[in-house]
Amino acid sequence: MDRHTPSSQSGASSRQADLFGYRKPRTPRRYLAHMSDVGDHGCIYEPGNTCVALFSCARCGWESGWLERRNKTHVLQGVPCMKCNDQAKGSLAD
């Protein structure tokens with residue numbers, strides 16, 4: 001038998017050696033709702049906010065109420081979908 005084959009080594013396991021050491025587990029996936037309407041209600045905003053937006057989830061159809069956001073970039077980032085993220089915590093997501 002060849003001395004380089006795994007079966008010739010004493011105590012060899014069938015798994016490949018871990019080349020990179022410990023890897024942190026991934027964080028669970030976040031499902032985001034994206035803007036469906038953006039506007040300015042003309043009232044006084046909380047400090048740091050400049051606009052309001054409605055968000056909807058394309059996956060489940062959830063819609064938020066009007067949420068105050070800092071700026072357009074903050075609106076484009078989306079918000080976590082309440083239904084999809086709660087579902088993903090308790091069970092396997094679709």
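Residue indices begin at 1 and follow the sequence shown.
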Hydrophobic cluster membership, with links at side-chain heavy-atom distances under 4.5 Å among I/L/V/M/F/W/Y: are [X] and [Y] in one?
X     : Y     : answer
Met35 : Trp66 : no
Tyr45 : Val75 : no
Leu54 : Val38 : no
Leu76 : Leu67 : yes

Specify the closest pair of heavy atoms between Arg30 and Leu32, including all atoms of both residues, with the distance to one decimal. NH2-CD2, 3.6 Å
For the residue pair Gly78 and His34, what are the closest heavy atoms and their distance?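 Closest pair (atom of Gly78, atom of His34, distance): CA-ND1, 4.3 Å.
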To the nearest 0.5 Å, how far apart are CE in Met82 and SG in Cys57?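 It is 11.5 Å, given to the nearest 0.5 Å.
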Phe20, CZ atom: more than 12 neighbouring heavy atoms under 6.0 Å: no
Can a side-chain donor-acceptor contact be found between Asp86 and Tyr31 if the only test is distance below 3.5 angstrom?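 Judged by distance alone, the side chains do not pair up.
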Test side chain to side chain contact (heavy atoms under 4.5 Å, CB included) applied to Arg69 and Thr50, step by step: CA-CA 6 Å; Arg69 307 305 279 174; Thr50 61; over 6 Å; no
Given 3.5 Å as the limit, does a donor-acceptor pair link the side chain of [X] with the main chain of [Y], or not?
X     : Y     : value
Asn85 : Cys81 : yes
Ser56 : Glu63 : no
Glu68 : Glu46 : yes

